[in-house]
Amino acid sequence: MIPVSNDVFEKVMELAKRRGFIWPTSECYGSVAGFIDYGPLGAMMKRRIENIWREFYVIQEGYYEIECPTIAQEAVFIASGHVSGFADKMCQCPHCKEYLRADHVAEAGGINNASILKNEVLSSALAHCNCLACGEVLGNVEVFGFNLMFKTRIGPGSQRIGYLRPETAQGMFVDFARLLRFYRDKLPFGAVQIGKSFRNEISPRQGMIRLREFTQAEAEIFVHPSCKNCHPMFSRYADYTIPLLTYTQQQKCEPPVLISMQEAVAKGVIANEYVAYYVALTHELLARIGIKPDRLRFRQHLPDERAHYAADCWDAEIFSERFGWVETVGIADRTNYDLTAHGDASGTPLTVFIQYDEPKKVPRRRIIPNMSVLGKQYRTKAKAIFGQLANATPTPSGADVEVDGEMIHIPADLFEVRDEIVDIRGEDIVPHVIEPSYGIDRMCYAVLEQAYDEDTAEEETRVVMRLLPWVAPVHVAVFPLMARDELDTIAAEITRVLHKSGILAEYDDSGAIGRRYRRQDEIGTPFTITVDYETKETHTVTVRDRDSMKQVRIPVVKVPETITALVNGSLKFSSMT
RNA sequence: GCAUCGAUGGUCUAGUGGUAUGACUUAGGCCUUCCAAGCCUAUAGCCCGGGUUCAAUUCCCGGUCGAUGCACCA
């Protein structure tokens, strides 16, 4: 197998396809751009990466995972702004047939705020603008919205509109009231979700980097607006130092600077402790799945790049040989935008009642009407008067209230004014949301690309996927040196014992031993156990390390615990020799 | 979506208006006491649809997928 191309992307995707990591979807019908299948090894590796993500967010952070439908009713996305905002206004140049962003053309033609104009208005405004591609005057063009959400109908014959979610986040926002109860009405708390999201990309390319259906792992952390600088576990990452590319540095074309999270928050480089905490956590997580630190950077969104409601946003970018810096994780402070929007639209206040340490003593004037007189005198209007009176400003002669547009004077003897001191025990606040959002597919690609390696062994090119042991789909392979003389039955028995320990072990006795090692190297299996003739004498086997190709001999009875320790990282192969 | 180029076993490829070459891989067998050795055998392919033609993998048109450029990219 001599790879012809020097492009790592092509090499790694060819390997991924051939070995069963990633396949084009529904290939027998010709595939569809923007959709991929994860094959047996890819699905396993993806699941391992997702589980590492869970170790961080669910186990370490204590944010439970929920699972919402991938389809939601239209109201959800109207409130979130996706129905109106997740669409591009486009037009087609009648001369060169180029598709253009209509608002961009208009802005270039001197029309301000083009993106908020109605399609028809924008269309006529464009008539005198020049095509950005061919320069011709556009003339009569139609402006149409291209919404990136997949639209569908819910139920037979129903007019009820649904959309495939473009992000998992909305599910966690609309479940806020339930989540708040689950976490016993206290901030901060978080909910996470790993699942599919859908965007009908105009032109998906670049293999698995831009997909129309992709897996997101998102956390929504709900915090008190005035407690964004008091993350309870901030000390964990306070001294964690990573290279940050702030927006001012980007504007000056300066390189990233190494800075600790504590310092970054203190200097205002990162907006608050929460964002800084998850920037650092993300760095640790990505390193854990095998991203090399020198190919990882954190870039702050430029002020005009981030969503209008976001207070701060940082992208974790991974360097790809093929695609350059690829945004893989976004960590945003979404403020109270989402909860306010859904609270307003749904009529369910998405707020938390925060109790004060001490009830506040607040003077209050209550107006208590004498209803028995009021009722007799004003009859059907009495109830409305009662309501209005509570907000009225009484004078010694009485109070004026407005009912159905009519001013009514209520004499002072029909109500009692009582000034009292009341206890205000707390207030309703809308929490702010800190959102780390991970593109799992991009992480998978980056892991594959960075793991791909070729070295020379026995004057042959050896293709090795240097996947970390806890990410590799197959943990260990078990080989009998020869498929005879009981070596095969011993090896099969060892495989069985490993399976009982929850280890994914693959037995293989076909062909020459060297070929079997190469096969496992190519799919990234970190360790190999070989049963040889000495096994029958001494009850020991060799453990071979994929990266060094070195072997050490251990007792058969120690195989499960040794492999378990090697795979979870608590034992290093280099320390066994 | 537009433009240009491309698509032959699992992979890499040769080639052709009369259904196809070689290598590697895979499977079975022989051999083999630790890194893709050797021998025998087998499996497996012209992206899809339409047109021209007696005959299309080959020529033409359309589509799909991929690469590149444009455009797009919460």
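Residue numbers begin at 1 in each chain, while the letters A, B, ... track the order of the sequences. In this text, all values refer to a predicted model and were calculated from it rather than measured experimentally.
In a base pair of the Watson-Crick type (N1 to N3 plus N6-O4 or O6-N4) or a G-U wobble (N1-O2 and O6-N3), with each distance short of 3.5 Å, B:rG49 is matched with B:rC61. Across all strands shown, B:rA74 forms no Watson-Crick or G-U wobble pair with both distances under 3.5 Å. Summarising the base pairing, B:rG17 is matched to no nucleotide, lacking a Watson-Crick or G-U wobble pair whose two defining distances lie under 3.5 Å. Pairing for B:rA36 is absent, judged as Watson-Crick or G-U wobble with the two contacts each under 3.5 Å. Across all strands shown, B:rA42 forms a Watson-Crick or G-U wobble pair, both distances under 3.5 Å, with B:rU26.
Contacts of A:H301 with the nucleic acid, taken as non-hydrogen atoms under 4.0 Å apart, are absent. Nucleic acid contact for A:L481: base, since at least one base atom lies under 4.0 Å from a heavy atom of the residue.
Applying salt bridge (charged side-chain N to carboxylate O under 4.0 Å, His left out) to A:R466 and the options A:D547, A:D521, A:D545 leaves one that passes, A:D547.
Among B:rU33, B:rA27, B:rA36, the nucleotide with an atom closest to any side-chain atom of A:R518 is B:rA36. The side chain of A:M482 sits closest to B:rU33 out of B:rU33, B:rC34, B:rA27. Distances from the side chain of A:A33 to the nucleotides B:rU33, B:rC34, B:rG66 place B:rG66 closest. Picking from B:rU32, B:rU11, B:rC65 the nucleotide with the shortest atom distance to the side chain of A:S31 gives B:rC65.
B:rU32 atom C1' lies 7 Å from atom CZ of A:R484, rounded to whole Å. Taking atom CZ of A:R553 as the reference point, atom P of B:rC34 lies 12 Å away to the nearest angstrom.
Using a 4.5 Å heavy-atom threshold, the side chains of A:F35 and A:P204 count as separate.
Classified by interplanar angle (parallel below 30°, tilted 30° to 60°, perpendicular above 60°), the ring pair A:F173/A:F222 is perpendicular.
Judged by distance alone, with hydrogens and angles left aside, the side-chain atoms of A:Q520 form no donor-acceptor pair with the main-chain N or O of A:T525 at under 3.5 Å. In this structure, A:Q170 contributes its side chain and A:S80 its backbone to no donor-acceptor pair below 3.5 Å. Between the side chain of A:W314 and the backbone N or O of A:R299, no donor-acceptor pair lies under 3.5 Å.
Nucleotides B:rC46 and B:rU19 are separated by 8 Å at their C1' atoms, to the nearest Å. Between the C1' atoms of B:rU13 and B:rU25, the separation comes to 14 Å (whole Å). B:rC47 and B:rU58 have their C1' atoms separated by 15 Å, given to the nearest Å.
A donor and an acceptor atom never sit less than 3.5 Å apart when one is taken from the side chain of A:Y29 and the other from the base of B:rC48. For A:R544 against B:rC35, a side-chain N or O and a base N or O form a donor-acceptor pair under 3.5 Å.
Shown for residues 528-543 of chain A: residues whose heavy atoms fall under 4.0 angstrom of RNA chain B, namely A:T530, A:D532, A:Y533, A:T542. Of all the residues in residues 326-339 of chain A, not one reaches under 4.0 Å from RNA chain B with any non-hydrogen atom.
Counting heavy atoms of neighbouring residues, nucleotides and ligands inside a 6.0 Å radius, atom NZ of A:K536 exceeds 12 of them.
Residue-to-nucleotide proximity on RNA chain B shows that, of A:R322 and A:R462, the 5′-proximal contact is made by A:R462.
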Find every protein N or O atom lying less than 3.5 Å from an N or O atom of nucleotides 37-42 of chain B, and list the pairs.
{"residue": "B:rA37", "atom": "OP1", "partner": "A:R515", "partner atom": "NH2", "Å": "2.8"}

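Rounding to the nearest 0.5 Å gives a distance of 8.5 Å between CE of A:M172 and CD of A:E167.
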